[in-house]
Amino acid sequence: MTTTPALQHVDLGEGVHALAFGEAGPPVVLVHGLDGSAANWVTLARHLAGSHRVLAIDLPGFGRSPLGRHRSAMTAHADLVARCTRGWTDEPVALAGNSMGGVVAALVAARHPDLVHRVTLVASALPRAGEGRIDATIVPAWLALWLPGAGTAVAGSRNATPPRQRVEQLLDLCVAPGADVPHDAFAEMVDVAAQRDRRDHVRAWGRSARSLWGWLARRGAFHDAVDQIRADGVLLTGAVDPIIPASSATAFARRHQGWQHVDLPGVGHVPPLEAPLATATAVVGTAP
């Protein structure tokens, strides 16, 4: 009889919450995207828990981590992830970030090279390239990246809806049509949405979105940061991602030819939910 690996709620200090899985093996650290949380990684982490120790972090103002006095700039998120990782393990980690978390993960690997031996950008936010179309249904969310204050309005509107509906709406924006989101991750996402501080989340969402846009707009700065990474690099994309144009992923792969590019057919913007086993394999470099 197979047992489902249990998740543990962990206090990492500085008011930072995380979910931990597994008791032995190489360490893996996971970073969620904008409007996401550690809950997005639950199913993937359970695939890895038999062979790895896994830590999925809630960034300040997201999930179960209060914003407090934390800054929401991408570099502040990256340095906090680095501090939390050092407090959790003294071994170099396999680091992965989804969407906004991909930018955070890249900055962690660039700014703290001793900390990371492998970094995977999972349907990562990337500087826009080419003329790829964006699904019109996600335009309201993208406003946060263009107009100061719009992020606060969009997040505030979402937080006014019931938790389950809020999660369903978010998934409708991000995943491929017909995607089967795992029940364990979905249930954890709804629980997080029901418990988090709405005002806290609105502030963190808007501020993080504006900082993220700053990094994506300054293409040279983003690519220069990636060029500083000495860890093994993997770009994991969803072939039907409605948010990140394929042209942006192609431009990244062309610019950073030392990186492995894995494209998952039929997968959208949240591979940890849509293809958790394939994503886990990319994150650690071997099948769990």
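Side-chain contact between M74 and M100 is present, with at least one heavy-atom pair separated by less than 4.5 Å. Side-chain contact between V284 and H52 is present, with at least one heavy-atom pair separated by less than 4.5 Å. Side-chain contact check for F62 versus L34: some heavy-atom pair is nearer than 4.5 Å. Using a 4.5 Å heavy-atom cutoff, the side chains of L121 and V234 are not in contact.
Nearest heavy atoms, A78 versus V108: O-CG2, 3.3 Å. Looking at every heavy atom in both residues, S65 comes nearest to D200 through O-OD2, 4.4 Å. Minimum heavy-atom separation, D263 to G238: OD1-C, 3.7 Å. Residues T281 and P288 approach most closely at OG1-CD, 3.5 Å, considering heavy atoms. In this structure, A105 and L95 approach most closely via the heavy-atom pair O-CD2, 3.5 Å. Considering every non-hydrogen atom in both H32 and A38, the closest pair reads CD2-N, 3.9 Å.
A salt bridge links D224 with R255: at least one charged nitrogen is closer than 4.0 Å to a carboxylate oxygen. Using a 4.0 Å cut-off between charged nitrogen and carboxylate oxygen, R230 and D114 do not count as a salt-bridge pair.
The only member of T89, V93, V28 that meets side-chain contact (heavy atoms from CB on, under 4.5 Å) when paired with R53 is T89.
The cluster map of Ile, Leu, Val, Met, Phe, Trp and Tyr, joined by side-chain heavy atoms under 4.5 Å apart, puts L44 and L264 in the same cluster. Under the 4.5 Å side-chain heavy-atom criterion for Ile, Leu, Val, Met, Phe, Trp and Tyr, L80 and V116 are members of the same hydrophobic cluster. Using a 4.5 Å cut-off between side-chain heavy atoms of Ile, Leu, Val, Met, Phe, Trp and Tyr, with links allowed through other members, L7 and F186 fall into different hydrophobic clusters. Transitive grouping of hydrophobic side chains (ILVMFWY, heavy atoms separated by less than 4.5 Å) keeps V81 and W41 in distinct clusters. M189 and V122 are not part of a single hydrophobic cluster, where members link through side-chain heavy atoms under 4.5 Å apart.
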inquiry  = Show, in sequence, the C-alpha distance, side-chain angles and deciding distance for R111 and T75, and conclude whether the side-chain contact (heavy atoms from CB on, under 4.5 Å) test is met.
reply    = CA-CA 9 Å; R111 294 163 69 91; T75 52; 3.6 Å; yes

inquiry  = Is there a side-chain contact (heavy atoms from CB on, under 4.5 Å) between L126 and F222? Walk through the geometry before answering.
reply    = CA-CA 9 Å; L126 297 170; F222 176 83; 4.1 Å; yes

ask   = Run the side-chain contact (heavy atoms from CB on, under 4.5 Å) check on D191 and R64 step by step: do they pass?
value = CA-CA 10 Å; D191 189 52; R64 292 184 171 89; 2.4 Å; yes

key: Worked verdict on H117 versus D232 for side-chain contact (heavy atoms from CB on, under 4.5 Å)   = CA-CA 6 Å; H117 71 83; D232 293 337; 5.6 Å; no

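Atom CG in L55 sits 8.0 Å away from atom SG in C84 (nearest 0.5 Å). In this structure, NE2 on H223 lies 12.0 Å from CH2 on W215, to the nearest 0.5 angstrom. Note that the OG atom of S99 and the CD1 atom of I244 stand 5.5 Å from one another [nearest 0.5 Å]. To the nearest 0.5 Å, the span separating CG on N98 from CG on N40 amounts to 6.5 Å. Here the CZ-CH2 distance, from F252 to W259, works out to 4.5 Å after rounding to the nearest 0.5 Å. Here CD1 of I57 is found 12.5 Å from OG of S37. Values are rounded to the nearest 0.5 Å.
Applying the ring-ring contact (aromatic ring centres under 6.0 Å, His included) test to H261 and every residue at least two apart in sequence or in another chain returns nothing.
Looking only at distances, no side-chain donor or acceptor of R164 sits under 3.5 Å from a matching main-chain atom of V190. A donor-acceptor pair is defined here as one N or O able to donate and one able to accept, closer than 3.5 Å; no such pair exists between the side chain of Q169 and the backbone of R166. In terms of modelled atom types and a separation under 3.5 Å, the side chain of R46 and the main chain of V42 share no donor-acceptor contact. The closest donor-acceptor contact from the side chain of T43 to the backbone of P182 lies at 3.5 Å or more, if one exists at all.
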Show me the donor-acceptor pairs, under 3.5 Å and distance only, between side chains in residues 270-280 and residues at least two apart or in other chains.
unit_1: E274; atom_1: OE1; unit_2: A176; atom_2: N; d: 2.9
unit_1: E274; atom_1: OE1; unit_2: G268; atom_2: N; d: 2.7
unit_1: E274; atom_1: OE2; unit_2: G268; atom_2: N; d: 3.2
unit_1: E274; atom_1: OE2; unit_2: H269; atom_2: N; d: 3.3
unit_1: E274; atom_1: OE2; unit_2: V270; atom_2: N; d: 2.9
unit_1: T279; atom_1: OG1; unit_2: P271; atom_2: O; d: 3.2
unit_1: T279; atom_1: OG1; unit_2: A275; atom_2: O; d: 2.8

Please output the side-chain donor-acceptor pairs of residues 12-19 that fall under 3.5 Å, not counting sequence neighbours, one pair per line with the distance.
unit_1: E14; atom_1: OE1; unit_2: R83; atom_2: NH2; d: 2.9
unit_1: E14; atom_1: OE2; unit_2: R83; atom_2: NE; d: 2.9
unit_1: H17; atom_1: ND1; unit_2: D58; atom_2: OD2; d: 2.8
unit_1: H17; atom_1: NE2; unit_2: H9; atom_2: ND1; d: 2.8

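Figure legend: cation-pi geometry between R86 and W88 absent, as NZ or CZ is not positioned both under 6.0 Å from the six-membered ring centre and within 45° of its axis.
Between the side chains of S208 and H77, at least one donor N or O lies within less than 3.5 Å of an accepting N or O.
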